[in-house]
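Remarks on the structure that follows.
Note on naming: letters A, B, ... go to the chains in the order of the sequence lines (proteins, then strands), and numbering restarts at 1 for each one. Heavy-atom basis, side chains included; hydrogens, waters and symmetry copies ignored. This structure is a prediction, so every number in the text was calculated from the model and none was measured.
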Amino acid sequence: MQTAIGTDHLDFSVPEPRNALTSKLGSDTTTSWLRDMMLIREFEVRTMQAYQDRKIGGFCHVYIGQEAVAVGTIAALEKKDPLVTAYRDHGHALARGMDPKYCMAEMYGRIGGCAKGKGGSMHMFDRINNLYGGHGIVGAQTPLGAGLAFGTKYIDEVIEKGRSNRVTLCFLGDGALNQGAFHEALNLAGLLELPVIYIVENNGYSMGTAIHRGTTMADSICEKARGYGIRACEIDGMDVLNVYDAMKPLVDEVRETGRPAFVDMRTYRFKGHSMSDPRKYRPREEEEVYESGDPIAKLRDTLMSQGAIDDAGFKALGKEIRLEVRDAMKWAEASPAPTPEEELYRDVYVEAWGPYTGTTEPQMIKECEGTHGQDG
Amino acid sequence: MANLTLVQAINLALVQEMEKDDRVLILGEDVGLNGGVFRVTDGLFKRFGGDRIVDTPLAESGIIGTSIGLAMAGLRPVPEIQFEGFLGPAYDQICSHAARMRTRTRGAFTVPLTIRVPVGGGIHAPELHSDSPEAIYAHQPGLKVVMPASPYDAKGLLISAIRDPDPVIFFEPKRIYRAFREEVPEDEYTVPIGKARVVCEGDDLTIVSWGASVVQCMQAIERSSASIELIDMRTIYPFDIDAVEESVSKTGRCVIVHEAPRTCGFGAEIATQIMERCFLQLEAPVQRVAGFDTIMPYYKLENDYLPDADRIELAIQEIGAY
């Protein structure tokens with residue numbers, strides 16, 4: 001039995017020409033993607049340290065290695081488009097525009113967190129940026145993705161009497177392919193013609209189980225979606241330019257047709273499933289092969305070869321990001337813990353519940369809602 | 001006013017809320033063309049069309065998960081699950097998502113969702129089609145659990161549930177779907193969630209019940225010479241303990257009647273709170289007349305399982321003689 005995914009997980013045909021769209025975008029945009037990916041990476045490196053220092057409780061699943069997926073796909077969206085994902089969600093929150101300080105404070109369980117420190121690492125929500133979580137049960141967010149798409153379509157068509165014009169992105173891991181909810185959701189999305197794109201962040205492992213050991217047709221999971229009448233394609237998720245280049249026309253098409261799509265986004269998780277994962281299920285040599293294709297280094301090299309950034313500029317960017325994340329950690333540490341008097345019973349129901357009463361909305365909502373509409 | 005069955009009252013509430021608010025839509029198995037397994041949504045497909053009355057695949061997790069997404073997007077979905085036993089496949093969505101979303105997002109997202117579910121025994125159906133799982137969902141913080149026992153309350157409570165900003169499980173006792181009629185106003189009205197109803201007043205004994213068992217309680221009361229106060233809880237959670245306390249403080253005796261198995265049935269919680277609040281007023285231990293701690297039996301044994309007027313009458317005699 002094959003115990004690891006081997007080194008050919010990313011070897012599949014990718015349609016030419018590559019980077020046809022991104023070459024027209026200009027280096028300001030692509031440099032901003034480099035910044036976004038570097039921010040996510042630095043944020044999570046610091047997160048891992050804070051977790052080991054026991055400043056962060058709960059569980060912690062880092063996204064390191066997969067940054068090009070969140071940044072490239074979200075760049076292809078409009079702000080009004082809903083997004084929902086699973087528990088490896090820091091990258092999506094940051095790529096979607098959440099200030100790192102709110103994200104970090106949430107991990108620290110502090111009152112300044114995006115959910116007042118009540119959700120933690122797995123539950124990043126951002127109403128202003130249309131991020132609908134962060135969900136902890138594998139695959140259980142896939143019907144939510146169908147429902148969000150159903151919701152935008154219903155509002156646009158039945159209530160507003162117009163055309164459906166929003167696209168929902170629903171992310172899931174390859175492990176979620178084997179959950180019942182995934183199959184119910186895909187059938188519904190295909191049947192009801194919902195404007196949703198299911199993006200499988202296929203990093204080759206369901207926790208510690210290689211995809212071949214837990215999933216049938218592991219090399220061609222697109223067939224599962226096609227079985228539900230949903231168009232599907234594979235995308236190399238280790239190259240952010242390629243991700244955008246493939247996703248932008250797909251998002252445009254789903255927006256135009258209102259029909260669902262499915263993406264087998266090939267990627268690799270450089271770290272373990274969670275912080276306590278000894279990674280006995282794969283050889284170090286395999287990890288080294290994929291690490292040599294680091295998406296951040298890849299974009300950096302491309303931008304350098306184009307003259308968009310030089311070595312000094314790259315170092316300055318790195319320093320700026322380190323400072324930003326350091327400030328986020330300081331802000332998180334300075335944010336008070338929730339008090340039982342205000343928060344323990346708060347928001348179980350809409351009406352204040354139990355003997356305590358809370359007072360305020362999360363700081364993030366208060367600070368941001370004045371400047372951003374919910375639909376962007 | 002119209003003389004309606006419980007099914008007709010629910011149908012009327014759905015029609016009126018859908019007319020009033022185009023955010024309200026219905027999803028479920030055979031709810032559209034076929035009007036629902038118990039015909040509760042009869043006529044709605046013709047009236048509102050397939051955009052708002054959505055026939056779904058047989059996929060309870062998908063139905064409820066999709067409804068949660070709809071609710072988070074700002075709509076007011078009213079999914080139907082055909083039988084309470086079929087809540088099982090949707091349990092994850094109900095308890096992992098719907099119930100927790102508001103707390104988890106610190107109020108940024110709420111799930112205004114009403115899940116309609118026929119509940120309970122008495123129609124000669126097998127298990128999974130005759131169960132009473134209200135205590136399971138009452139035990140999940142973040143959910144509201146409602147169970148009307150009359151057509152009037154069914155209409156008013158359903159309108160309250162649909163307008164409620166939190167997720168509500170609306171249990172419909174299938175045994176009394178068409179068992180009797182009642183005058184139901186055609187105008188819209190609400191019955192508040194969380195308020196019990198005093199069905200009849202009395203001084204010697206309080207009976208607390210809900211759902212179809214309220215009918216059996218009435219039968220037992222009619223046979224008895226004692227002065228009995230009957231409280232229909234109407235809402236299982238949040239439950240109206242104040243109404244129970246007021247009554248038991250007056251009568252000093254209480255019998256709780258429900259179809260669900262006795263152990264950890266919701267009667268256990270009520271009995272405990274009576275003990276906490278009315279200890280010095282109690283003249284006798286609180287009694288429970290409940291289903292047995294077994295799987296709901298098939299129809300030949302159904303009447304042996306369900307609390308009936310005889311068992312309730314016996315409890316009334318015993319607690320009176322204590």
For each of [options], tally heavy-atom pairs with chain B at distances under 4.5 Å, and name the one with the top tally.
options	answer
A/L191, A/I155, A/T152	A/I155
A/A140, A/G120, A/A189	A/A140
A/T142, A/L148, A/V158, A/L188	A/L148
A/K118, A/H123, A/H183, A/M124	A/H123

Side chain, backbone, both or neither: which part of [X] has a non-hydrogen atom closer than 4.5 Å to chain B?
X	answer
A/H135	side chain
A/L131	backbone
A/I159	both
A/L192	side chain

Closest non-hydrogen atom pair between A/Q141 and B/H97, with its separation =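 It is N-CE1, 4.0 Å.
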Which heavy-atom pair separates B/R104 from A/A115 by the least distance, and what is that distance?
->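 The pair with the smallest heavy-atom distance is O-CB, 3.0 Å.
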Would you say the side chain of [Y] lies within less than 4.5 Å of the side chain of [X], judging by non-hydrogen atoms?
X	Y	result
A/E184	B/E60	no
A/Y132	B/T105	no
B/T103	A/Y349	no
B/R23	A/Y154	no
A/P143	B/I64	no
B/M101	A/F125	yes

Cut-off 3.5 Å, no hydrogens considered: what does the side-chain donor-acceptor table look like for residues 65-75 of chain B, sequence neighbours left out?
from: B/T66; atom 1: OG1; to: B/G62; atom 2: O; distance (Å): 2.6
from: B/S67; atom 1: OG; to: B/I63; atom 2: O; distance (Å): 2.7

Heavy-atom neighbours of B/F86 CZ exceed 12 at 6.0 Å |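 Counting other residues, nucleotides and ligands, CZ of B/F86 exceeds 12 neighbours.
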Just wondering, are more than 12 heavy atoms of other shown residues or ligands nearer than 6.0 Å to CD in B/E246?
->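 Atom CD in B/E246 is not crowded, with 12 or fewer foreign heavy atoms closer than 6.0 Å.
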Chain A contact via B/D22 - side chain, backbone, both or neither, heavy atoms under 4.5 Å =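 Looking at B/D22, backbone and side chain both touch chain A.
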Leading residue by heavy atom contact count with chain A [cutoff under 4.5 Å; candidates B/L27, B/L58, B/T56, B/L143] |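 Maximum pair count with chain A is reached by B/L143.
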B/D166 side chain to A/V350 main-chain N or O, any donor-acceptor pair under 3.5 Å?
->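 Yes, because the side chain of B/D166 sits within donor-acceptor range (under 3.5 Å) of the backbone of A/V350.
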Under 3.5 Å donor-acceptor, A/R127 side chain and B/A108 backbone |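 Pair found, side chain donor or acceptor close to backbone of B/A108.
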